[in-house]
Amino acid sequence: MLKALNPISKLIVCILGLVASVLVFDARFQIALIVLTGFSLLVLNRTSPLVLLALMVPFCLFGFGFLTTSLLFRQDSDFATRMAGEALLHSPAFSAGLTLFFRAIACGMISIFFALTTDPGSLVRALMVHARLPPRIGYSLFAAMLLVPDLASEAQQMRIARAMKTGRRIRRVPGPGEIMSLVIPLLAFAIRRAGRTAVALEARGLSPDGPRTVLNAPGFKKADAVFMIAATIAITLSSFAAFSGTSALGSLPRAVHEQAARF
């Protein structure tokens, strides 16, 4: 269902969610964004929970870095004192770090939402037709999307050829030395491929100012309007609940609001 929507609609909603996540410094709002986005992926896109959890691991580690930095290196942090006492959850440093932790996860969840539900080719075609993306940039993106898989295939063929020549078994994960030895051959392959692509585009008359027809460009449907309105209302209500303090997650430390101005 989400994959059938216009990529521009999802891009606008995701940018709105990222901006709101940055501006609203409240842990309850960040949690609301995480729950809404995750629920949409699990129910409407049928994303596996294990896949979603695995994709969120880097963002959790990134957010954990914010949390520990706020606890240990904040100028007015009383972490050491609270560790000796019993009120760590009410520490201002812990509140600010917890909000930054959830902000990193919320931004990561929104990014994963867009990546899992959007076809890159459809996004480029939609931007060329509806957002007037310059053809030079659009066709360069198309060429890059075709080149990246070929680079991985070429690198694997080089590794297999070297293993057969030396009589050694190919390693599942290449080491740093092997990666460095593949840089120059892959760069030469990419330059040759880029030259052939440029000649092919020129031979087909794809000049920057010439008329062109973009096939299979996604259009806007009623579902796009419903999706954008529903997402905007959900983000607005979550923001209002966070500011008014009427959220069901009101048990989180209130010191978050007191420290917002410092960030």
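Given the structure is predicted, the values throughout are model-derived calculations rather than measurements. Index from 1, following the sequence.
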Side-chain heavy atoms under 4.5 angstrom apart, residues restricted to Ile, Leu, Val, Met, Phe, Trp, Tyr: same cluster for [X] and [Y]?
X      : Y      : value
Val13  : Val43  : yes
Phe142 : Ile8   : yes
Ile191 : Ile184 : no
Leu44  : Leu5   : yes
Val19  : Ile34  : yes

Original post:
Got a sec, which hydrophobics cluster with Ile229, joining ILVMFWY side chains under 4.5 Å apart, including via others?
Top reply: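 Traced through the cluster, Ile229 reaches Ile233, Leu237.
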Under 4.5 Å between any side-chain heavy atoms of [X] and [Y], yes or no?
X      : Y      : result
Gln156 : Ser153 : no
Leu186 : Met158 : yes
Leu55  : Leu116 : yes
Pro49  : Leu42  : yes
Asn45  : Ser40  : no
Ile235 : Phe29  : yes

Could you tell me the separation between the [atom1] atom of [X] and the [atom2] atom of [Y], rounded to the nearest 0.5 Å?
X      : Y      : atom1 : atom2 : result
Leu100 : Phe64  : CG    : CZ    : 13.5 Å
Lys10  : Asp224 : NZ    : CG    : 8.5 Å
Asn6   : Leu123 : CG    : CG    : 9.0 Å
Ile112 : Cys107 : CD1   : SG    : 11.5 Å
Phe114 : Leu11  : CZ    : CG    : 4.5 Å
Asp26  : Ile31  : CG    : CD1   : 9.0 Å

Tell me the closest heavy-atom pair linking [X] and [Y], and the distance in Å.
X      : Y      : result
Pro58  : Ala54  : CD-O, 3.8 Å
Phe227 : Ser9   : CE2-O, 4.1 Å
Leu16  : Thr232 : CD2-OG1, 3.9 Å
Ala234 : Leu36  : CB-CD1, 3.9 Å
Met145 : Pro120 : SD-CB, 3.3 Å
Val124 : Gly138 : CG1-O, 3.7 Å

Subject >> Evaluation steps, side chain to side chain contact (heavy atoms under 4.5 Å, CB included), between Met228 and Phe220 >> reply: CA-CA 11 Å; Met228 294 182 67; Phe220 289 97; 5.7 Å; no
**OP:** In sequence, state the C-alpha distance, the side-chain angles, and the governing distance for Met56 and Ile105, and then conclude on side chain to side chain contact (heavy atoms under 4.5 Å, CB included).
**Re:** CA-CA 7 Å; Met56 291 307 300; Ile105 297 178; 3.4 Å; yes
Subject >> Counterpart residues, salt bridge (charged side-chain N to carboxylate O under 4.0 Å, His left out), relative to Arg162 (two or more places apart) >> reply: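 Result, salt bridge (charged side-chain N to carboxylate O under 4.0 Å, His left out) vs Arg162: none returned.
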**OP:** Please report the C-alpha distance between Arg159 and Leu182 in whole Å, then the side-chain angles of each, then the deciding distance to 0.1 Å, and finally whether the side chain to side chain contact (heavy atoms under 4.5 Å, CB included) criterion is met.
**Re:** CA-CA 9 Å; Arg159 296 184 63 208; Leu182 292 174; 3.9 Å; yes
Original post:
Can you tell me if OH on Tyr139 sees more than 12 non-hydrogen neighbours from other groups inside 6.0 Å?
Top reply: yes
Original post:
Can Met109 and Phe59 be said to form a side chain to side chain contact (heavy atoms under 4.5 Å, CB included), step by step?
Top reply: CA-CA 8 Å; Met109 185 71 77; Phe59 298 99; over 6 Å; no
**OP:** Verify, without hydrogens or angle tests, whether Ser21 (side chain) and Gly17 (backbone) share a donor-acceptor contact under 3.5 angstrom.
**Re:** no
Subject >> Short side-chain to backbone donor-acceptor contact, Gln30 and Phe25, under 3.5 Å >> reply: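 Such a contact is absent between Gln30 side chain and Phe25 backbone.
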